[in-house]
Asker: 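One structure, as structure tokens, below. Some questions next.
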Amino acid sequence: QTLMGYKKIKLSNSWFDPTFLKELLATKIYQRYLPTYETNLLKVNTQGNYTGLYLNQEAINKQFLEKHFSEKDGAFFKCDPIDMLIYSPNLEFLGTDSSLYYNSYELKSDHGWSSLVNLIDVLNNAPSDIESVLNVDRVLWAFALNQAICNYDTYNGYYVHNYYMYLSENGLWQMIPWDLDNSF
């Protein structure tokens with residue numbers, strides 16, 4: 001089933017945000033510069049009874065990739081570790097064995113570990129080649145936006161997590177923002 005063309009609904013209680021506006025406003029700003037998920041507010045009723053106000057977040061999945069990149073088959077990772085105190089998706093080179101990265105990155109596609117390790121290797125060991133593996137312009141926009149709206153719960157913030165990486169057909173990794181509830 002779908003609802004308004006979407007296969008998945010994600011409701012958020014806007015953790016630590018009594019205004020319910022932080023993530024909503026942050027996504028509207030990011031959408032001007034980067035592929036970013038949609039958000040809206042929903043008044044939820046359950047069996048005829050008012051349940052509450054929730055923030056609806058578009059899932060970052062194959063449907064999202066198709067919408068923003070006109071493709072969905074590239075390597076795709078959620079960069080949110082199993083345990084943030086022990087593991088970090090900080091793109092630090094740990095070696096060529098892909099199993100060294102399993103606790104920091106979640107594979108969301110059918111393949112991609114060797115491509116991710118290659119990206120991390122280039123970033124750390126051959127930075128002059130960075131533009132051959134990464135959409136640098138979009139990453140710089142993400143970094144600038146994170147600072148401008150005080151989103152420190154992301155790659156270039158205090159806690160390194162809450163982003164996705166997608167390898168598009170042009171061979172460049174794309175950074176996709178996610179979980180903007182700690183903005184502002």
Side-chain angles (χ1 to χ4, degrees), residues 1-46 50-81 84 88-91 105-106 108-109 119 130-131 134-170 172-184:
Q1 292 182 341
T2 63
L3 176 64
M4 297 172 58
Y6 292 97
K7 295 178 182 177
K8 189 174 187 177
I9 296 175
K10 293 174 61 182
L11 299 177
S12 167
N13 65 357
S14 293
W15 188 62
F16 285 121
D17 180 15
T19 69
F20 279 72
L21 292 176
K22 289 181 179 182
E23 188 158 13
L24 183 69
L25 292 173
T27 56
K28 300 303 178 204
I29 294 169
Y30 277 79
Q31 288 168 349
R32 293 176 160 207
Y33 306 97
L34 299 163
T36 306
Y37 57 98
E38 299 283 343
T39 56
N40 63 359
L41 293 172
L42 293 178
K43 180 180 172 183
V44 177
N45 291 286
T46 307
Y50 178 67
T51 305
L53 183 68
Y54 287 85
L55 180 78
N56 178 37
Q57 305 162 315
E58 176 185 14
I60 299 177
N61 55 19
K62 288 188 176 197
Q63 185 178 13
F64 173 92
L65 296 175
E66 186 68 41
K67 180 170 113 180
H68 288 280
F69 301 105
S70 300
E71 60 178 271
K72 61 183 179 187
D73 297 324
F76 185 38
F77 288 88
K78 182 177 182 181
C79 304
D80 196 38
M84 278 191 346
S88 175
N90 59 7
L91 301 173
Y105 306 89
E106 182 183 346
K108 302 299 268 181
S109 54
L119 167 69
I130 192 171
E131 291 182 350
L134 182 67
N135 185 334
V136 175
D137 181 66
R138 284 214 174 131
V139 170
L140 291 175
W141 274 108
F143 287 1
L145 290 166
N146 290 335
Q147 294 303 307
I149 67 169
C150 302
N151 178 25
Y152 303 132
D153 195 29
T154 188
Y155 179 82
N156 65 318
Y158 185 75
Y159 295 111
V160 179
H161 72 132
N162 285 349
Y163 67 99
Y164 284 80
M165 294 297 290
Y166 177 66
L167 181 58
S168 56
E169 286 179 357
N170 66 4
L172 298 179
W173 283 92
Q174 313 292 326
M175 182 177 272
I176 302 167
W178 172 67
D179 197 10
L180 302 173
D181 68 337
N182 285 311
S183 300
F184 305 106

Asker: Could you check whether any side-chain heavy atom of Asp17 comes within less than 4.5 Å of a side-chain heavy atom of Phe184, counting everything from C-beta outward?
Answerer: no

Asker: Going from CG on Asn135 to CG on Leu172, what distance comes out if it is rounded to the nearest 0.5 angstrom?
Answerer: 6.0 Å

Asker: Given side chains that start at C-beta, do those of Pro35 and Arg138 come closer than 4.5 Å, heavy atoms only?
Answerer: yes

Asker: Does Trp178, at its CH2 atom, have more than 12 non-hydrogen atoms belonging to other residues, nucleotides or ligands within less than 6.0 Å?
Answerer: yes

Asker: Counting N and O atoms only, with roles assigned by atom type, does the side chain of Ser183 sit under 3.5 Å from a partner on the main chain of Ile149, one being a donor and the other an acceptor?
Answerer: no

Asker: Are the side chain of Gln63 and the backbone of Glu58 linked by a donor-acceptor contact shorter than 3.5 Å?
Answerer: no

Asker: Enter the distance from Leu145:CG to Leu180:CG here, rounded to the nearest 0.5 Å.
Answerer: 9.5 Å

Asker: In terms of heavy-atom contacts, does NZ of Lys28 have more than 12 from other residues, nucleotides or ligands at under 6.0 Å?
Answerer: yes

Asker: Does atom OH (Tyr159) have a neighbourhood of more than 12 heavy atoms from anything else shown, all under 6.0 Å?
Answerer: no

Asker: Can you tell which of Gln31, Glu23, Lys10 makes a side chain to side chain donor-acceptor pair (under 3.5 Å) with Tyr37?
Answerer: Glu23

Asker: Going by heavy atoms in the side chains, are Asp80 and His161 under 4.5 Å from each other?
Answerer: yes

Asker: Which heavy atom in Tyr54 sits nearest to a heavy atom in Val44, and how many Å separate them?
Answerer: CD1-CG2, 3.6 Å

Asker: Flag yes if more than 12 heavy atoms outside Gln147 fall under 6.0 Å of its CD atom; otherwise flag no.
Answerer: yes

Asker: Check the orientation of Tyr163 and Tyr155. Use parallel for under 30°, tilted for 30 to 60°, and perpendicular for over 60°.
Answerer: perpendicular

Asker: Could you give the distance from CD1 (Ile176) to OH (Tyr166), rounded to the nearest 0.5 Å?
Answerer: 8.5 Å

Asker: With a 4.5 Å heavy-atom cut-off, do Pro177 and Leu34 have their side chains touching?
Answerer: yes

Asker: Heavy atoms only: give me the nearest Leu134-Trp173 pair and the separation to one decimal.
Answerer: CD1-O, 3.6 Å

Asker: Can you tell if the side chain of Phe143 reaches within under 4.5 Å of the side chain of Met175, non-hydrogen atoms only?
Answerer: yes

Asker: Drop me the distance from Ile9's CD1 to Gln1's CD, to the nearest 0.5 angstrom.
Answerer: 10.0 Å

Asker: Evaluate whether atom NZ of Lys8 has more than 12 neighbouring non-hydrogen atoms of other residues, nucleotides or ligands under 6.0 angstrom away.
Answerer: no

Asker: Do any N or O atoms from the side chain of Asp153 and from the backbone of Gly157 form a donor-acceptor pair under 3.5 angstrom?
Answerer: no

Asker: Determine whether the side chains of Tyr30 and Asn151 contain a donor N or O and an acceptor N or O closer than 3.5 Å.
Answerer: yes

Asker: Apply side-chain contact (heavy atoms from CB on, under 4.5 Å) to Leu55 and Lys22, showing your working.
Answerer: CA-CA 10 Å; Leu55 180 78; Lys22 289 181 179 182; over 6 Å; no

Asker: On the 0 to 90° scale, with breaks at 30° and 60°, tag the Tyr105-Phe77 ring pair as parallel, tilted or perpendicular.
Answerer: perpendicular

Asker: Output the distance between atom CG (Leu41) and atom OG (Ser14), rounded to the nearest 0.5 Å.
Answerer: 7.0 Å

Asker: Using a 3.5 Å distance criterion without hydrogens, assess whether the side chain of Thr154 forms a donor-acceptor pair with backbone atoms of Asn156.
Answerer: no

Asker: Classify the ring geometry between Phe64 and His68 as parallel (under 30°), tilted (30 to 60°) or perpendicular (over 60°).
Answerer: tilted

Asker: How about NZ on Lys72, more than 12 heavy atoms from neighbouring residues, nucleotides or ligands closer than 6.0 Å, or not?
Answerer: no

Asker: Tell me whether the count of non-hydrogen atoms from other residues, nucleotides or ligands lying under 6.0 Å of OH in Tyr50 goes above 12.
Answerer: yes

Asker: Please round to the nearest 0.5 Å and tell me the distance separating atom CG of Leu42 and atom CG of Leu53.
Answerer: 8.0 Å

